[in-house]
Amino acid sequence: LYITDEGRRLLNEARPIIQNFDMLETNMTRMQGHHRLRIGVSMTVGTCVLPRLQQDLAASLSGRILYFYSGNTHTIEDKLLRSELDFGIVEGIVHAPDLVSIPIIDDFLVLCCSNDHPLASRPVLYPRDLADASFAIREEGSGTRALFEKYLKSRHIDMRISLEATSPETIRAMVKTSRMMTVMSVRLLEEDIRSRAIHVFRSTGHSWNRTFKLVHHKNKELGQDFTHIREALSRYKTPDFLDQIPTAVFEE
């Protein structure tokens with residue numbers, strides 16, 4: 001089965017109608033004092049930011065019923081287009097032209113492995129060293145995976161995947177106890193880095209730098225909800241704890 005050209009045109013016309021209906025339903029619910037704010041977060045953002053964000057929004061939006069959904073960037077994008085979420089917070093690139101993406105929190109990836117990994121004794125790694133490495137990596141649709149795959153492709157390197165997982169915690173645990181490597185947000189590894197439970201290579205370039213983005217549909221009525229979410233997120237500083245900790249280097 002596939003959608004026809006006529007179907008695509010119908011779908012494009014129907015989505016604003018559905019969104020307007022959802023807005024009508026939301027406004028009527030708000031009048032009854034039961035406004036539900038639906039926020040989607042990608043997996044990395046959820047692990048790094050969601051606990052504190054939930055507390056901040058519960059305090060500043062006391063009259064709202066908060067609902068959070070966690071998935072990868074692609075899934076959050078799809079739910080925003082289907083009006084199943086009001087806002088999204090993702091680390092990946094948003095492709096849909098009907099969505100507005102606002103960079104708001106700085107982040108970067110680091111390459112990591114166990115302390116007894118064969119490459120852990122090297123003070124400097126180069127892209128060619130990754131050609132024979134075994135990787136634990138996020139699933140298709142993840143912003144973390146997309147960024148790393150884009151980098152490897154630019155260096156003509158094929159990634160050898162030994163584990164795919166939707167959970168950063170699963171990947172983190174496997175890397176600490178196996179001969180697999182991974183790339184992950186530095187925010188997710190702070191405890192392991194400080195305790196020297198994992199070996200980290202920090203990139204010398206900017207290819208692994210990124211931002212967490214606040215996303216909404218271009219036709220979305222923003223209002224005070226958007227303002228409160230944006231203000232809460234703007235208080236999350238750039239992770240700088242790695243500046244005080246000696247690490248190995250990945251030379252781009």
Step by step, work out the side-chain contact (heavy atoms from CB on, under 4.5 Å) result for L222 and T227. CA-CA 8 Å; L222 301 182; T227 302; over 6 Å; no
Is there a side-chain contact (heavy atoms from CB on, under 4.5 Å) between V183 and F250 once you walk through the steps? CA-CA 12 Å; V183 288; F250 183 82; over 6 Å; no
For E84 and Y69, run side-chain contact (heavy atoms from CB on, under 4.5 Å): C-alpha distance rounded to whole Å, both residues' side-chain angles, the deciding distance at 0.1 Å, then the answer. CA-CA 10 Å; E84 295 175 7; Y69 174 85; over 6 Å; no
Please assess L242 against V110 for the test side-chain contact (heavy atoms from CB on, under 4.5 Å), listing each intermediate value before the final yes or no. CA-CA 10 Å; L242 209 58; V110 291; 4.1 Å; yes
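Contact of the L37 side chain with the F87 side chain is registered, since non-hydrogen atoms from C-beta on lie closer than 4.5 Å. For the pair D107/V186, a side-chain contact is recorded, criterion being any heavy-atom separation below 4.5 Å from C-beta on. With a 4.5 Å cut-off on side-chain heavy atoms, F135 and I171 do not count as touching. Side-chain contact between L188 and R172 is absent, with no heavy-atom pair separated by less than 4.5 Å. Residues M184 and T44 are not in side-chain contact: their nearest non-hydrogen atoms beyond the backbone lie 4.5 Å or more apart. Annotation: side chain of R202 is not in contact with side chain of V249 (no heavy-atom distance under 4.5 Å). Taking 4.5 Å as the limit, some side-chain heavy atom of D129 sits within range of a side-chain heavy atom of R122. By the 4.5 Å heavy-atom criterion applied to side chains, L130 and L152 are counted as neighbours.
In this structure, T73 contributes its side chain and G92 its backbone to a donor-acceptor pair below 3.5 Å. Looking at T182, its side chain does come within 3.5 Å of a backbone N or O of A136 through a donor-acceptor pair. For R38 (side chain) and S83 (main-chain N/O), a donor-acceptor pair under 3.5 Å exists by modelled atom type. A donor-acceptor pair under 3.5 Å is formed between the side chain of N20 and the backbone N or O of P16. With hydrogens and angles disregarded, a donor-acceptor distance shorter than 3.5 Å links the side chain of N115 to the backbone of R196.
Pairing each heavy atom of I39 with each of I89, the nearest pair is CG2-CD1, 4.1 Å. Here the closest non-hydrogen pair linking A58 and L66 is N-CD1, 3.8 Å. Closest non-hydrogen pair, L233 versus I105, comes out as O-CG1, 3.6 Å. Contact record, P127 with E252: CG-O, 4.0 Å, taken as the closest heavy-atom pair. Minimum interatomic distance between E139 and R145 (heavy atoms only, all atoms of both residues): O-CD, 3.6 Å. For the pair M43 and T166, the tightest heavy-atom approach, listed with the atom from each and the gap, is CE-O, 3.1 Å.
Checking D116 against S114 by side-chain atom types alone, a donor-acceptor pair falls below 3.5 Å. Defined by atom type and a distance below 3.5 Å, a donor-acceptor pair is present between the side-chain atoms of E251 and T204. Side-chain polar atoms of T75 and N72 form a donor-acceptor pair below 3.5 angstrom.
Surrounding CZ of R194 are more than 12 heavy atoms belonging to other residues, nucleotides or ligands, all under 6.0 Å away. Other residues, nucleotides and ligands contribute more than 12 heavy atoms inside 6.0 Å of the CZ atom of F241. Annotation for R230: atom CZ does not count as buried by contact number, only 12 or fewer foreign heavy atoms lying within 6.0 Å. Heavy atoms of other residues, nucleotides or ligands lying less than 6.0 angstrom from CD of E6 number more than 12. The number of heavy-atom neighbours closer than 6.0 Å to CD of Q244, taken from other residues, nucleotides and ligands shown, is above 12. Atom CG of D158 sits in a sparse spot, with 12 or fewer heavy atoms from other residues, nucleotides or ligands closer than 6.0 Å.
Here D56 pairs with R235 in a salt bridge; the nearest charged N to carboxylate O distance falls below 4.0 Å. Salt-bridge check for K153 with E149: failed, with every basic side-chain N at 4.0 Å or more from each acidic carboxylate O.
Here C113 contributes atom SG and M181 contributes atom CE; the two are 4.5 Å apart, rounded to the nearest 0.5 Å. The distance from atom CZ of F201 to atom CG of L125, rounded to the nearest 0.5 Å, is 3.5 Å. Expressed to the nearest 0.5 Å, how far CZ of R187 lies from OH of Y236 amounts to 10.0 Å. Rounding to the nearest 0.5 angstrom, the gap separating the CD1 atom in I229 from the OG atom in S60 is 8.5 Å. Going from atom CD of Q19 over to atom CG of L81 covers 9.5 Å, rounded to the nearest 0.5 Å. The distance from atom CG of D22 to atom CD1 of I17, rounded to the nearest 0.5 Å, is 12.0 Å.
Listed by chain and residue number, nothing satisfies the side chain to side chain donor-acceptor pair (under 3.5 Å) test with Y151 (two or more places apart in sequence, or in another chain). By the ring-ring contact (aromatic ring centres under 6.0 Å, His included) test, H217 pairs with no residue at all, sequence neighbours left out. Looking at residues two or more places apart in sequence or on another chain, you find no side chain to side chain donor-acceptor pair (under 3.5 Å) involving Q55.
Residues I137 and I93 fall into different hydrophobic clusters, defined by Ile, Leu, Val, Met, Phe, Trp and Tyr side chains chained together at heavy-atom separations under 4.5 Å. In terms of hydrophobic clustering, with Ile, Leu, Val, Met, Phe, Trp and Tyr side chains grouped at heavy-atom distances under 4.5 Å, W208 and I157 are assigned to a common cluster. L147 and V94 are assigned to two separate hydrophobic clusters, defined by single-linkage of ILVMFWY side chains at heavy-atom distances under 4.5 Å. Under a hydrophobic-cluster definition in which Ile, Leu, Val, Met, Phe, Trp and Tyr are linked whenever side-chain heavy atoms come within less than 4.5 Å, directly or via other members, I102 and I76 are assigned to different clusters. L80 and M23 end up in different hydrophobic clusters when Ile, Leu, Val, Met, Phe, Trp and Tyr side chains are linked at under 4.5 Å.
Each of E77, E91, K213 was scored for a side chain to side chain donor-acceptor pair (under 3.5 Å) with S42, with one residue passing: E91. Checked options R36, K79, K220; the residue passing with D86 is K220 (criterion: salt bridge (charged side-chain N to carboxylate O under 4.0 Å, His left out)).
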